[in-house]
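Convention: sequence-line order gives letters A, B, ...; per-chain numbering from 1.
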There are 2 protein chains.
Amino acid sequence: MSRMSREDQPVAEVVDLGPLASSLGFLFRMGQIEVFDMFYDTVGRLGLKPGEFSVLWAVHLNPGVRQGAVAETLRIKPAHMTKLIRSFESQGLIARHIPAEDRRGIELRLTDLGEAFVNDNAQAFFSYARQEANRLTPEEAAQLIALLQKFTRLGGTP
Amino acid sequence: MSRMSREDQPVAEVVDLGPLASSLGFLFRMGQIEVFDMFYDTVGRLGLKPGEFSVLWAVHLNPGVRQGAVAETLRIKPAHMTKLIRSFESQGLIARHIPAEDRRGIELRLTDLGEAFVNDNAQAFFSYARQEANRLTPEEAAQLIALLQKFTRLGGTP
DNA sequence: AGAAATTAGTTTACAAGGAAACAGTATTCT
DNA sequence: AGAATACTGTTTCCTTGTAAACTAATTTCT
């Protein structure tokens with residue numbers, strides 16, 4: 001019989017990580033993987049990927065936004081953004097519009113279909129967030145979010 | 001003149017993110033990107049990638065560990081782990097050894113070259129971690145690390 | 001002992017994301 | 001006006017990481 005952790009994972013061997021286990025970068029990575037797993041167990045089954053949904057969400061909240069602005073805010077690289085937007089366009093979720101004043105930029109809007117999709121899924125998308133923090137007390141979760149916002153400079157109106 | 005933030009980035013347009021900016025998954029992603037940028041500005045120039053170094057580090061601290069155990073701990077998928085280890089082997093940094101008792105597993109050890117590499121770079125690798133947290137007070141940084149460890153279950157001897 | 005199941009790692013085939021070079025549009029500067 | 005510069009998005013190629021099917025070794029179950 002191999003050792004089992006109480007919950008799920010077989011723990012074959014304990015691997016000591018030393019100071020790595022206190023390194024911010026490593027912990028962010030682990031946290032993200034953890035959240036991603038939870039996300040998949042709950043919401044992700046049917047075509048709702050975090051990165052993609054966040055783009056739709058940003059366009060939903062900022063109709064007419066230029067695609068570069070979304071990319072910069074979500075820190076998606078332009079090359080990747082082009083692919084995402086083109087894909088959304090071909091799925092009929094986003095409409096691209098080149099304004100006459102400045103034909104370089106591209107204004108983005110959700111189509112009716114896109115709006116419907118976001119409205120249908122926003123609830124589920126954001127509710128997994130509560131689930132995911134159940135290893136922390138509500139106070140700890142709030143504190144963690146506040147610290148992350150400060151670190152990433154995404155604080156509410158600083 | 002387009003609007004500039006005081007520091008570096010041109011802020012063409014403010015994109016409202018609503019509750020997304022308070023979502024753990026999103027914040028982890030942003031945090032990781034942020035750390036990665038800092039890492040690159042300081043250490044990453046010469047062939048020191050976070051993921052790869054963390055594997056070498058884990059083997060360094062746990063000589064003879066099986067490759068699957070490292071993969072599980074660092075949450076690297078087996079397929080990817082195979083590639084990483086093979087690459088390290090071909091670079092002469094890691095030696096693989098198949099023990100006679102169980103010829104399925106593979107024990108990993110750093111070669112002398114691998115040990116030298118880790119010893120040469122560990123200092124730099126872990127010191128960027130202090131740098132990266134300079135948006136937070138030392139207390140906040142410690143608190144953030146503690147919360148992340150609790151969330152990811154990597155807490156020190158729980 | 002021999003079949004079935006489990007474990008560990010590998011291979012293949014692909015998706016996600018990024019860097020660098022590029023193309024079209026607008027602005028600036030003589 | 002025309003040349004040089006800056007801005008915005010796209011294309012091409014490459015790296016990183018994953019899923020699923022596979023091979024080999026070991027354990028379990030009759």
Side-chain angles (χ1 to χ4, degrees), chain A residues 1-4 9-13 15 29-30 32-33 36-37 39-40 44-45 47-55 64-90 94 96-108, chain B residues 1-4 9-13 15 29-30 32-33 36-37 39-40 44-45 47-55 64-90 94 96-108:
Chain A
M1 179 195 74
S2 78
R3 280 171 288 170
M4 290 285 198
Q9 255 82 6
V11 175
E13 241 172 297
V15 179
R29 181 180 134 80
M30 300 303 263
Q32 202 180 354
I33 292 173
F36 197 76
D37 284 354
F39 183 85
Y40 249 73
R45 316 275 190 179
L48 198 55
K49 299 182 198 167
E52 296 179 1
F53 189 81
S54 66
V55 172
V65 72
R66 280 175 312 100
Q67 106 179 27
V70 175
E72 193 185 318
T73 303
L74 300 181
R75 308 209 50 176
I76 294 169
K77 292 289 185 297
H80 185 37
M81 196 65 179
T82 295
K83 292 181 199 165
L84 287 174
I85 296 300
R86 290 306 174 105
S87 161
F88 287 140
E89 192 184 25
S90 78
I94 277 189
R96 306 184 324 136
H97 171 247
I98 299 178
E101 320 87 76
D102 187 337
R103 298 172 40 73
R104 290 172 306 184
I106 297 184
E107 294 180 354
L108 302 177
Chain B
M1 179 194 75
S2 79
R3 282 171 286 170
M4 291 285 197
Q9 256 80 7
V11 176
E13 239 171 298
V15 179
R29 181 180 135 79
M30 299 303 263
Q32 203 180 354
I33 292 172
F36 197 76
D37 284 355
F39 183 85
Y40 250 72
R45 317 277 189 176
L48 198 56
K49 299 183 197 167
E52 295 179 1
F53 189 82
S54 65
V55 171
V65 71
R66 280 175 312 101
Q67 107 178 27
V70 175
E72 194 185 316
T73 303
L74 299 181
R75 308 208 50 174
I76 294 169
K77 293 289 185 296
H80 186 35
M81 197 64 180
T82 295
K83 289 183 200 166
L84 288 174
I85 297 300
R86 291 304 174 107
S87 161
F88 287 139
E89 193 184 24
S90 78
I94 276 189
R96 307 185 323 136
H97 172 245
I98 299 178
E101 323 84 74
D102 187 337
R103 299 171 39 73
R104 291 172 304 184
I106 296 184
E107 295 180 353
L108 301 178

task: Return the value, rounded to whole Å, for the distance between atom CE of B:Met81 and atom C1' of D:dA19.
output: 18 Å

message: From the set D:dG9, C:dA8, D:dT18, return the single nucleotide nearest to any side-chain atom of B:Arg66.
response: C:dA8

task: May I ask you to list the residues of residues 97-107 of chain B, by number, that have any heavy atom positioned under 4.0 Å from an atom of DNA chain C?
output: B:Arg104, B:Gly105, B:Ile106

- prompt: Between atom CD in B:Gln32 and atom C1' in C:dG17, what is the gap in whole Å?
  reply: 13 Å

task: Using a cut-off of strictly less than 4.0 Å, decide whether A:Arg96 has a side-chain nitrogen or oxygen near OP1 or OP2 of D:dT10.
output: yes

- line: To the nearest angstrom, the CG-P distance between B:Leu84 and C:dG9 comes to 14 Å

field: Residue A:Ala79, side-chain heavy atoms: nucleotide from C:dG9, D:dT16, D:dT11 that is nearest
entry: D:dT11

- request: Let me know which of B:His97, B:Arg66, B:Arg96 forms a side-chain contact (heavy atoms from CB on, under 4.5 Å) with B:Leu108.
  value: B:Arg96

query: Do you know which two heavy atoms are closest between B:Met81 and B:Ala71, and how far apart they sit?
result: CG-CB, 3.8 Å

- request: Please lay out, stage by stage, how A:Gln67 and A:Leu84 fare under the test side-chain contact (heavy atoms from CB on, under 4.5 Å).
  value: CA-CA 10 Å; A:Gln67 106 179 27; A:Leu84 287 174; over 6 Å; no

message: How long is the straight-line distance from CD1 of A:Ile98 back to CD1 of A:Ile106, given to the nearest 0.5 Å?
response: 5.0 Å

task: Report the distance from atom CZ of B:Phe36 to atom C1' of C:dA19, rounded to the nearest whole Å.
output: 12 Å

field: Verdict with supporting geometry, A:Glu89 and A:Arg86, side-chain contact (heavy atoms from CB on, under 4.5 Å)
entry: CA-CA 5 Å; A:Glu89 192 184 25; A:Arg86 290 306 174 105; 3.8 Å; yes

Structure string for DNA chain C in dot-bracket form, Watson-Crick and G-U at under 3.5 Å, | interchain: ||||||||||||||||||||||||||||||

- prompt: Quick one: is A:Lys49 getting a side-chain N or O under 4.0 Å of the C:dA16 phosphate, OP1 or OP2?
  reply: yes

message: Less than 4.5 Å apart, side chain to side chain, heavy atoms only: is that true for A:Asp37 and B:Arg75?
response: yes

- request: Would you kindly give the CG-to-P distance between B:Leu74 and D:dG17, to the nearest whole Å?
  value: 12 Å

task: Side chain of A:Arg86 only, please: which of D:dT10, D:dA19, C:dG17 is the nearest?
output: D:dT10

- prompt: Taking A:Thr73 for the side chain and A:Ala69 for the main chain, is one N or O donor matched with an acceptor at less than 3.5 Å?
  reply: yes

- prompt: What class does the angle between the rings of B:Phe39 and B:Phe36 fall in, given that below 30° is parallel, 30 to 60° is tilted and above 60° is perpendicular?
  reply: parallel

- request: In sequence, state the C-alpha distance, the side-chain angles, and the governing distance for B:Leu74 and A:Val15, and then conclude on side-chain contact (heavy atoms from CB on, under 4.5 Å).
  value: CA-CA 9 Å; B:Leu74 299 181; A:Val15 179; over 6 Å; no

field: 5' precedence on DNA chain C between A:Lys83 and B:Lys83 (nearest-nucleotide basis)
entry: B:Lys83

field: Protein-nucleotide distance (A:Gln67, atom CD; D:dT11, atom P), rounded to Å
entry: 11 Å

- prompt: For B:Ile76 and D:dG17, what is the distance between atoms CD1 and C1' respectively, to the nearest whole Å?
  reply: 10 Å

- prompt: For the pair made of NE2 in A:His80 and C1' in C:dA15, what is the distance, rounded to whole Å?
  reply: 10 Å

